[in-house]
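Working notes for the structure below.
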Amino acid sequence: MGKKLAITGNQAVAEAMKQINPDVCAAYPITPSTEIMQRFASFVSDGVVDTELVTVESEHSAMSACIGASAAGGRVMTATSSQGLALMWEMLHIAAGMRLPIAMALVNRALSAPINIHGDHSDGMGSRDCSWIQIYSENAQEAYDNIFQAVRIAEHEEIRLPAMVCMDGFIISHSIESMEFLPDEVVRDFIGEFKPTNPLLDVDKPVTYGPLVLPDYYIEFKKAQHEAIKRAKKVTLDVAKEFEKVSGRSYGLFESYRLDDAEIAIVVLNSAAGTAKDVVDAFRDKGIKVGLLKPRLFRPFPYEEVADALGSARVIGVFDRADSFGGFGPMYMEIASAMIASGSSPVMINRIYGLGGRDFMPEDAEAVIKELVEIADTGKATTLKEYIGVRE
Amino acid sequence: MSTPLRLKELSKKADLLTGGHRLCAGCGAPIAIRQVLLAAEVPLVASNATGCLEVSTTIYPYTAWKIPWIHTAFENAAATISGVEAMYKALKKKGRVDRKIKFIAFGGDGGTYDIGFQSLSGAMERRHDIVYICYDNGAYMNTGIQRSSATPLGANTTTCPAGSVIHGKQQPRKNLTKIMAAHNIPYAAQASPAHWRDLMTKVRKALDVDGPAFINILAPCNRGWRTPTHNAVELCRIAADTCFWPLYEYENGRLTINYKPKEKKPVTEFLKTQGRFKHLFSPDSQDLLKQAQENVDREWENLLREEACWREEAETKGEG
């Protein structure tokens with residue numbers, strides 16, 4: 001058993017990176033993820049890890065250097081938030097298109113303008129289509145555990161795609177909570193040696209990375225990428241099973257909370273799910289059949305499994321801590337796709353909450369569940385998409 | 001023992017950028033790049049910014065490169081090669097790589113002077129053991145001859161066209177080689193394929209230093225310069241003879257001018273060879289033409305003065 005400590009989310013991730021001891025890290029400071037690389041830099045300075053740390057001049061260069069390093073043939077990690085991820089956006093696609101298994105911690109933060117340093121999911125959701133595997137974490141323990149699993153999934157020979165582990169800025173990154181660490185040797189065995197494929201540093205077998213691919217082949221590359229990321233669903237489950245053996249903590253594609261017989265379901269991502277679970281319990285105590293689904297693997301999205309888990313619900317409320325302005329929230333769109341593809345047609349509402357770090361209170365969850373109860377009674381929803389917790 | 005820089009011996013070395021690539025007939029870039037690759041005596045790994053050189057040499061499923069090569073995007077050839085070099089250091093430290101390998105980045109002037117400027121500056125400041133080669137043809141030629149900050153004063157491009165009111169580019173070039181030297185890197189130089197032995201000597205010096213090096217190489221583009229396809233090398237010679245493109249190097253900060261024309265020709269000798277400057281020879285552009293000569297003169301005189309200072313200092317030290 002590993003030691004138990006009270007620690008912040010950022011410290012937990014830095015600790016995970018220390019235990020992984022990647023070959024190269026390239027990073028640039030940005031709130032609220034700065035502390036991860038700051039702590040990691042002191043591990044480098046103190047010789048606790050033997051990573052080459054490249055302290056670049058921008059996030060664009062951070063991801064560019066990560067790509068160069070990964071293609072060279074070793075294990076590569078980084079961390080960022082918000083504008084940093086936005087600046088990397090071009091390179092996120094290139095990392096995935098080159099099938100490079102880079103692992104990144106994304107400490108979720110709102111996007112400008114107006115500038116705001118607090119937690120919401122606009123950054124992660126904005127990189128939804130970059131072909132990165134995305135794993136979301138409710139708390140520090142999950143972020144710590146997910147980092148190891150992300151490395152394994154990304155580096156799996158049938159996948160070879162980059163992966164990001166997301167946790168809420170400040171709410172998790174800067175809050176102290178009790179969590180359990182794995183012993184170093186357990187991490188070492190679980191992670192294993194990095195296996196390079198076509199490394200640039202093999203000068204006897206020169207390879208060309210990033211050629212010009214015209215209409216005669218481009219779509220074949222993209223299809224291969226699509227097939228690879230689809231395989232990540234099964235690999236995520238396999239890796240989770242292995243992880244459970246060494247940690248005793250179990251993970252799936254998502255977490256189902258009191259969903260089995262739920263007539264009313266809510267879908268909540270990351271830290272707000274913790275708050276919402278308490279509210280679900282309170283309603284259950286009153287005999288109302290409500291349950292919660294907390295997505296974990298967002299890309300690839302497990303449509304069939306989610307639809308199956310939400311199968312008994314007649315009414316679903318999807319919470320989004322990001323907006324697709326002029327459309328529904330990104331999570332709502334996924335859940336709606338899942339339900340429609342499964343042939344069921346529950347009434348579904350979308351509630352946008354917590355943007356820019358606005359607190360998500362139990363009363364917020366309570367108000368929405370009350371609304372869902374009403375919809376269940378009448379079979380009708382008046383407003384499909386609405387912002388909640390807004391000052392009027 | 002390195003191969004002597006003589007044609008007889010060099011002709012026996014393998015070409016690392018093979019024929020069959022699709023750069024234009026008469027393009028200066030592959031001449032420059034082949035000279036760079038031919039100079040190297042250690043295994044190289046290259047990164048390449050988006051541009052003519054990149055698109056024309058790697059049309060999938062073919063590649064003209066016989067060295068490990070990576071292209072990621074336009075503005076980050078320096079950052080990309082930083083990562084490759086960092087991984088080399090990491091794996092060497094851990095005993096997972098034992099060969100001596102050197103790292104090189106190629107970019108055109110757009111990818112180097114403009115969009116890649118920040119990433120280049122960062123890589124130089126971080127002291128990666130890399131050589132950055134800019135092949136400077138003075139505009140965004142790959143997208144169809146748009147102005148860059150390397151475009152010479154007065155040049156006609158598609159985004160600074162020679163019109164009836166504005167006669168081509170109104171601003172002088174950015175002096176990137178000097179800016180790179182100002183990073184206090186161990187080696188920075190300017191070269192041209194017409195002086196091939198000088199160019200290859202510079203590449204060897206750049207590869208020999210432990211730390212970052214930068215070489216700016218003039219690379220004529222007949223499409224953009226509006227010149228015939230047979231005289232790229234000759235144009236480079238005229239560029240040096242007019243001091244439009246002086247050949248010099250900074251070794252640990254100390255300047256040496258590598259070529260001083262016996263008789264410095266007027267810059268019009270260079271400008272008149274190219275259609276992009278044709279309009280400057282009309283009566284209403286005389287002012288730009290005059291400015292062009294003044295700019296060349298000022299830069300050349302500054303170089304001579306600076307070199308003389310270094311010589312004086314060395315002599316003083318020698319006497320002391």
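Numbered from 1 within each chain, the chains take letters A, B, ... in sequence-line order.
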- Relative to chain B, which segment of A/A26 carries a heavy atom at a distance below 4.5 Å: side chain, backbone, both, or neither? neither
- Query: Has A/K18 got its NZ or CZ under 6.0 Å from the middle of the six-membered ring of A/F43, at an angle within 45 degrees of the ring axis?
  - Reply: yes
- Query: Non-hydrogen atoms of chain B under 4.5 Å away: do they reach the side chain of A/N198, the backbone, both or neither?
  - Reply: neither
- Query: With a 4.5 angstrom heavy-atom cut-off, which part of A/P22 approaches chain B: side chain, backbone, both or neither?
  - Reply: backbone
- Item | Gap between atom CZ of A/F40 and atom CD of A/E15 - 0.5 Å precision | 11.0 Å
- Measure A/I94 against the heavy atoms of chain B and call it side chain, backbone, both or neither at under 4.5 Å. side chain
- Query: A/M98 versus chain B, heavy atoms under 4.5 Å apart: side chain, backbone, both or neither?
  - Reply: side chain
- Task: Look at A/L201, A/V213, A/D204 and state which one has the largest set of heavy-atom pairs under 4.5 Å with chain B.
- Result: A/L201
- Hey, is B/K13 close enough to B/E41 for a salt bridge, meaning N to O under 4.0 Å? yes
- In terms of heavy-atom pairs under 4.5 Å with chain B, which of A/C66, A/G73, A/A62 leads? A/G73
- Item | chain A contact via B/K89 - which portion, at a heavy-atom distance below 4.5 Å | both
- Item | Pair B/R34 + B/D15, salt bridge at N-O below 4.0 Å | yes
- Query: Top residue by heavy-atom pair count (under 4.5 Å) with chain B, among A/P199, A/G68, A/G97?
  - Reply: A/G68
- Of the backbone (N, CA, C, O) and the side chain (C-beta and beyond), which part of B/I67 lies under 4.5 Å from a heavy atom of chain A, both, or neither? backbone
- B/T177 side chain to B/Q190 backbone, donor-acceptor under 3.5 Å: no
- Please look at B/S47 and chain A and tell me whether the side chain, the backbone, both or neither of the residue comes under 4.5 angstrom of a heavy atom of that chain. neither
- For B/E85, is it the side chain, the backbone, both or neither that has a heavy atom under 4.5 Å from a heavy atom of chain A? neither
- Message: Quick check for you: to the nearest 0.5 Å, what is the distance between A/C130 atom SG and A/L161 atom CG?
- Response: 12.0 Å
